[in-house]
Structure formats: structure tokens, C-alpha cells
Amino acid sequence: MLKLDGLASFVVVAEAGSISEAARRLGLSKSVVSERLAEVERTLGAPLLHRTTRKLSLTEDGAAFLERAARIVREVEEATADMAQRRGTLSGPLRVSAPVTFGRMHLGPALYPFLAQHPELELTLELDDRRVDAAADSFDAVVRHGALQDSRLVAWELAPSRRLLVAAPAYLERHGTPGSPQELQRHRGIFYVNRGAADWRLEGSQGVQVVRAGVGLRVNNGDVMRDAAVAGMGIALLPTFIAGDAIRSGALRVIDVGLRAAAESIYVAHPEGRRTSAKLRAFVQCLQKTFGTPPYWEALIPPCGAGGEG
């Protein structure tokens, strides 16, 4: 008879594309995952995977079996979670992807009390600034900043977000404070590479204007952007959840050029078609309550200026 842990291992291997990555996601050794796969194939009497030195791929039988196996694993996980909820507890695995800087600064601290309250919950939080495919990478949910771009996701807003143009006082003393988009483009910029070269899209009464400043630094991490701005390397367009402390301390100064970056959101999303579990709902509610409206990182930040990390 097929064992559930074998089915779960097969599903994760198929989604991950390798036994080593599946073992990492499951928190098991490669040998245990390999043995579980072999046991499933022996029970079924058919190979499910083509194995080469470089990659794994599904056989015809494996592709046919995967959809049902994945559905069985999800339904058992959901049934287990529902039974735990009936007992007043949250339990079982919950795998979430989130951006690095937001996860370090705000998501982790918000979740520590939540995890202490629900010790049977097995949260895996993977911090990565790339836009992962929630379904293909086996995430129950993703936390993201910006606009929802994948129509296959169902999202809840955690908090509104705005971005501000900021620079160190020393940089502005040396180079002057821009007061218009035309003056802004003569400055050096610190850019978030995951958003592309046209990230400085600012809005006003005349519509949207893309400002292209000189490049002082391109980087894929919000912490480094903020620190580079504090060091006087140029002007950065940063979310207040990253720049808030530096603005309040005076290490960064908000710049007003008469235009603002478009309003954005921090949101949690899960793949369309999946039932929303009690543990995911509780996860979202915890974050919404902790962050508040307006979110706590907006405290004492001036409302003016043009509204970094994705």
C-alpha cells in the first residue's frame, strides 16, 4: 500500500526538479527521499521519473500520477489542519516566500509571537527577492511588495506602502537638492535592479513621467540601497518600511520634486484554486493586526515627496 510520506516526497521532487532540492524543502536527507521514491515506484510497479546526472523529469506514468498524488497530499494536509482547528490549534506545514529586507525587518519580528502561540505550526519562511512561482515552487503563499502581476494568484493586502525619494544630507549639501524632475535627472541614482531601469516612474497632475538619472549603484537588495544612500552615494527611491528609521533619525532626507511614486501594497497571495487553510488565514490576520493601518513604519514620516525594493 502507498504511504502518504512517499506520495508527498514524489510530489515535492516533481515540483522541485531534483532530489536534493526536494530534500531541502522537506527537511530530510537525500537518501531518505530517494528511498521513499523507490518505494512508491515499487508499489506502483512503474517508474515515475527519468533520472540523469543533470536533472529529473517525469515519465508518462509519472505525469499522469502527479496530479492525483498532489491533490491527495493537499487534501490530507487540509483535513489535518481542519481537525487541529476544531481543537482550537493550528498545526502542520506552512511554506511562505517573502522579500529579504521586508522579511528581516518586519515579517520575522511579527511572526515570532504568532509561532510561540501555535507551537504545532511548522512554518518554513524562505527569503528571496526574486518573484517565485508560488505553485511551481510549492509555496503555500508568497509575501510581496508592489503590484500583483500574476493573475493565477489570490491576494490579501497586509498594508499600504509608499516609496519616497531620499538622500543623505551630506550628498544634498554637495550636489544640491533637486526641486523638479528635470533637476532630479542630473543626479546619481541608487537603483533596485529587480524593477528595471525605468523604476523611477513618478505621477502628478500631468500624468506619469519616467525620470532617468545617472547610475551610482544598481543592486538587488533594499538594505544595501538604504545604506548606500546614507553613505552619500546618491538618491534612492525606497519604501518607507526600509527607509523609515533613517528618515526619522535624520540620516536620510525626503526629497520633494512635485511628483510621487504610485501607491503600492504589501500583500500575501496564494495560488488560485487552492482552498484557503485556517493556518494561512491566521497568518494573514496576525500580520494585518501587527502592521496596522497606517502601518507602524509610517510613524513621523512626512507626507510630502515622491514616493526601492520589490
Side-chain angles (χ1 to χ4, degrees), residues 99-102 104-106 129-131 144-149 159-266 294-295 297-310:
V100 175
T101 301
F102 184 77
R104 182 190 64 80
M105 293 183 68
H106 304 288
D129 285 339
R130 69 185 179 91
R131 288 190 174 271
R144 282 294 172 261
H145 172 238
L148 182 64
Q149 298 174 335
S161 178
R162 62 181 178 133
R163 297 188 297 157
L164 302 174
L165 287 165
V166 294
Y171 172 88
L172 298 175
E173 289 172 7
R174 290 195 308 270
H175 301 282
T177 301
S180 69
Q182 292 72 29
E183 293 177 2
L184 179 60
Q185 67 186 2
R186 294 196 288 268
H187 284 258
R188 291 168 62 82
I190 301 167
F191 297 99
Y192 185 63
V193 294
N194 289 11
R195 285 182 176 257
D199 182 35
W200 286 14
R201 295 173 58 86
L202 306 179
E203 299 179 343
S205 59
Q206 303 302 313
V208 176
Q209 181 174 343
V210 177
V211 179
R212 298 184 184 276
V215 177
L217 175 67
R218 292 190 182 98
V219 66
N220 66 343
N221 178 265
D223 285 313
V224 176
M225 289 181 67
R226 179 200 57 231
D227 294 346
V230 170
M233 293 187 63
I235 296 173
L237 181 59
L238 285 170
T240 55
F241 67 75
I242 293 177
D245 287 344
I247 294 171
R248 283 185 284 270
S249 70
L252 290 176
R253 187 177 298 165
V254 176
I255 300 168
D256 187 358
V257 296
L259 301 175
R260 301 169 184 265
E264 297 184 338
S265 294
I266 299 161
W297 53 78
E298 283 281 343
L300 303 180
I301 294 180
C304 63
E309 182 182 35

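Bear in mind the structure is a predicted one, so any value in this text is a computation, not a measurement.
- Minimum interatomic distance between Ala228 and Leu217 (heavy atoms only, all atoms of both residues): CB-CD2, 3.7 Å.
- Counting all heavy atoms, side chain and backbone alike, Leu259 lies closest to Gly204 at CD2-CA, 3.5 Å.
- Pairing each heavy atom of Gly232 with each of Arg174, the nearest pair is O-NH2, 3.1 Å.
- No donor-acceptor pair closer than 3.5 Å links the side chain of Tyr171 to the backbone N or O of Gly176.
- Atoms CG and NE2, on Leu165 and His187 in that order, are 10.5 Å from each other to the nearest 0.5 Å.
- A salt bridge does not link Glu264 with Arg201: every distance from a Lys NZ or Arg NE/NH1/NH2 to an Asp or Glu carboxylate oxygen is 4.0 Å or more.
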Trace of the side-chain contact (heavy atoms from CB on, under 4.5 Å) decision for Leu184 with Leu202: CA-CA 11 Å; Leu184 179 60; Leu202 306 179; 4.1 Å; yes
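- By the side-chain contact (heavy atoms from CB on, under 4.5 Å) test, Arg186 pairs with Glu183, sequence neighbours left out.
- Interatomic distance, Arg226 CZ to Asn221 CG, rounded to the nearest 0.5 Å: 8.5 Å.
- The main-chain N or O of Asp223 is found under 3.5 Å from a side-chain atom of Thr101 such that the two form a donor-acceptor pair.
- Between the side chain of Arg130 and the backbone N or O of Pro99, no donor-acceptor pair lies under 3.5 Å.
- Closest approach of His145 to Ser161, counting heavy atoms only: NE2-OG, 2.9 Å.
- You'll find the side chain of Pro160 reaches within 4.5 Å of the side chain of Pro295, heavy atoms only.
- When side chains are defined from C-beta on, Ile301 counts as touching Arg162, because their heavy atoms get closer than 4.5 Å.
- Contact detail for Ala167 and Ile255: the closest heavy-atom pair is CB-CD1, 3.8 Å.
- Interatomic distance, Gln206 CD to Gln209 CD, rounded to the nearest 0.5 Å: 10.0 Å.
- Nearest heavy-atom pair, Gly189 versus Trp200, reported as atom, atom and distance to 0.1 Å: CA-CH2, 3.8 Å.
- Between Tyr192 and Asp129, the closest side-chain pair of non-hydrogen atoms falls below 4.5 Å.
- The side-chain heavy atoms of His175 and Ile235, taken from C-beta on, include no pair separated by under 4.5 Å.
- A donor-acceptor contact under 3.5 angstrom links the side chains of Glu298 and Thr240, judged on distance only.
- Ala243 meets the side-chain contact (heavy atoms from CB on, under 4.5 Å) test with Leu238, Ile247, Leu252; sequence neighbours excluded.
- Phe102 places a side-chain heavy atom less than 4.5 Å from the side chain of Ile266.
- Counting only residues at least two apart or on different chains, the salt bridge (Lys or Arg N to Asp or Glu O under 4.0 Å) pairs with a member in residues 227-254 are Asp245-Arg248.
- Phe241 and Trp297 have perpendicular rings, their planes meeting at more than 60° on a 0 to 90° scale where under 30° would count as parallel.
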Met225/Met233 under side-chain contact (heavy atoms from CB on, under 4.5 Å): CA gap, chis, key distance, verdict: CA-CA 9 Å; Met225 289 181 67; Met233 293 187 63; over 6 Å; no
